[in-house]
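Heads up: the structure comes next, in structure tokens.
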Number of protein chains: 2
Amino acid sequence: MKTLRVPEATVTRLSIYSRFLERLDRNGVTTVSSGEIAEGVGVSPAQVRKDLAYFGEFGTRGVGYNVKDLMKYTLKILGLDQNWSLAIMGAGNLGFALCTYRGFNVRGFNIAGVFDKDPTRIGKRIGKLEVQALSKFPEIAERENIRIGVIAVPISAAQEVADLMVKNGVEAILNFAAVALNVPDEIEIRNVDLSVKLEILTFNLGFRAAQSL
Amino acid sequence: MKTLRVPEATVTRLSIYSRFLERLDRNGVTTVSSGEIAEGVGVSPAQVRKDLAYFGEFGTRGVGYNVKDLMKYTLKILGLDQNWSLAIMGAGNLGFALCTYRGFNVRGFNIAGVFDKDPTRIGKRIGKLEVQALSKFPEIAERENIRIGVIAVPISAAQEVADLMVKNGVEAILNFAAVALNVPDEIEIRNVDLSVKLEILTFNLGFRAAQSL
DNA sequence: TAGATTGTTAATCGATTAACAATC
DNA sequence: TAGATTGTTAATCGATTAACAATC
């Protein structure tokens with residue numbers, strides 16, 4: 001068993017390459033070079049080739065890459081050659097926004113259930129979805145084969161919701177609550193803290209001001 | 001002029017340290033060691049000390065760090081010893097969720113205006129805010145000293161909105177639209193692509209399955 | 001063949017970690 | 001003083017880039 005280690009930054013870039021390739025394809029472009037991809041997404045050509053080299057040889061020397069083929073390969077690498085059922089945990093404002101976010105659908109993510117524990121929210125409709133009680137999670141997770149859950153509940157409820165998902169077979173979690181969650185090692189988890197992102201900006205603004213003194 | 005280069009990961013961790021310190025402070029803890037911070041946020045003690053060392057000496061050898069002091073220092077480093085006025089561009093579901101997100105307020109971010117170009121949205125209230133026409137942006141940005149803007153509009157409108165902000169003195173942009181924006185070099189810009197985050201998870205699920213073959 | 005571009009290796013760059021002198 | 005923990009240096013680790021042989 002080879003243990004190839006792929007940098008997470010490479011995976012992020014592959015996402016971006018695949019979007020760029022889709023755009024080229026829509027525009028009828030059939031062949032592209034690493035330099036053109038690099039130019040299009042703002043990295044170096046060597047970076048593009050290196051990122052792809054982790055997974056195979058997809059180009060033709062002297063020619064470049066076939067846009068349609070490379071697009072398919074990158075999507076397959078990312079696991080996007082299949083559809084994924086998501087659970088959105090929390091039907092507050094953020095949960096609502098996530099349920100209606102069109103960016104998920106175009107990449108093959110299908111929201112199979114939205115859950116809340118607030119009785120005033122349960123039963124309400126969000127588009128084609130109906131907000132479900134947390135108690136319905138096990139049944140729906142099983143039926144819909146939900147492997148990925150998104151946490152959009154307040155900090156105080158985040159751990160409880162994570163536990164519920166882990167207990168019911170969820171393998172990966174995207175967590176919007178600003179708290180470090182305790183989950184087994186084998187669960188993939190990533191945090192998105194919106195305020196941290198802003199703080200990188202304020203740091204840089206202040207830092208730049210200090211440098212120019 | 002020294003050109004100290006601080007890794008972005010260090011800034012992200014400082015955000016997380018500062019939250020952990022606030023929690024300790026609320027719990028009445030007065031002194032903390034790099035090892036305890038490391039334990040609390042899931043990094044190495046050397047990492048904690050190295051991150052802080054970019055900015056000065058904040059501890060006492062043999063003793064540790066004073067929680068209140070270190071909390072203040074980290075907040076100051078991040079630029080959070082002042083309040084920041086934000087503009088939310090786009091009053092769709094995501095814009096609405098951002099306007100009502102309480103995580104911003106506790107870190108000193110104040111939403112000073114929410115803007116949209118859809119006439120059916122203009123004038124609607126979101127909490128204490130009223131959705132403003134894009135044409136009001138210059139006036140309000142100036143009056144409220146808006147230096148940071150958040151883009152929560154569809155891809156098709158993102159560049160236009162970015163241009164408007166840059167023209168009116170915005171220095172930093174948090175972009176939720178899945179498109180690379182063209183802004184002058186001196187503008188700080190970070191993208192948050194919700195789908196890319198999910199794709200890192202699907203990649204890892206697929207990758208792990210492949211490794212265990 | 002000449003020109004172009006890939007795939008890959010080696011060099012470089014940068015970030016993390018281990019180790020320890022400084023010092024409370 | 002003995003014990004503890006910082007601040008910092010040097011070693012290690014990992015990611016990016018430059019360069020070029022392979023080859024279309």
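Letters A, B, ... mirror the listed sequences (proteins, then strands); counts begin at 1. Heavy-atom basis, side chains included; hydrogens, waters and symmetry copies ignored. Since the model is a prediction, treat every value here as computed from it, not as a measurement.
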Discussion item. Going by side chain to side chain donor-acceptor pair (under 3.5 Å), name the residues that satisfy it together with B/T60, two or more places apart in sequence or in a different chain.
Written reply: none
Worksheet item: Residues in side-chain contact (heavy atoms from CB on, under 4.5 Å) with A/A38, at least two apart?
Response: A/V43, A/P45, A/V48
Response to the item:
In short, salt bridge (Lys or Arg N to Asp or Glu O under 4.0 Å) pairs touching residues 47-58 of chain B with sequence neighbours left out are B/R13-B/D51
Discussion item. So, using side chain to side chain donor-acceptor pair (under 3.5 Å) as the criterion, who are the partners of A/N110 when residues are at least two apart?
Written reply: none
Worksheet entry | Positive for side-chain contact (heavy atoms from CB on, under 4.5 Å) with B/C99, one of B/L86, B/L94, B/L129, B/V150 | B/L129
Worksheet item: How far apart are the closest heavy atoms of A/T202 and B/L78, and which atoms are they?
Response: OG1-O, 2.7 Å
Worksheet item: Quick one, which residues of residues 57-69 of chain A touch DNA chain C with a heavy atom under 4.0 Å?
Response: A/E57, A/F58, A/G59, A/T60, A/R61, A/G62, A/V63, A/G64, A/Y65
Practice prompt. Not counting sequence neighbours, list each pair that qualifies as a salt bridge (Lys or Arg N to Asp or Glu O under 4.0 Å) and has a residue in residues 153-167 of chain A.
Written response: A/K117-A/E160
Item to complete: Just grab all the salt bridge (Lys or Arg N to Asp or Glu O under 4.0 Å) pairs involving residues 91-113 of chain B, residues at least two apart or on different chains.
Response: A/E199-B/R107, B/E22-B/R107
Discussion item. Any residue in residues 23-50 of chain B with a heavy atom nearer than 4.0 angstrom to DNA chain C? Just list them by number, or reply none.
Written reply: B/S44, B/A46, B/Q47, B/R49, B/K50
Worksheet item: If pairs are Watson-Crick or G-U with both distances under 3.5 Å, what is the dot-bracket string of DNA chain C, marking crossing pairs with [ ] and pairs to another strand with |?
Response: ..||||||||||||||||||||||
Discussion item. Taking A/N182's backbone N and O only, do any of them form a donor-acceptor pair with A/Q159's side chain (distance below 3.5 Å, no angle check)?
Written reply: yes
Worksheet item: Is there any salt bridge (Lys or Arg N to Asp or Glu O under 4.0 Å) pair reaching into residues 169-198 of chain B, and which pairs are they, with sequence neighbours excluded?
Response: A/R19-B/D193, A/R208-B/E188, B/E8-B/R190, B/R147-B/E171, B/E188-B/R190
Response to the item:
Footprint ends on DNA chain D, 5' to 3', for atoms under 4.0 angstrom from a heavy atom of chain A, come out as D/dA15 to D/dC24
Worksheet item: Which residues satisfy the side chain to side chain donor-acceptor pair (under 3.5 Å) test with B/D81, sequence neighbours excluded?
Response: none
Item to complete: Search all heavy atoms of A/F115 against all heavy atoms of A/A87 and return the closest pair with its distance.
Response: CE1-CB, 4.0 Å
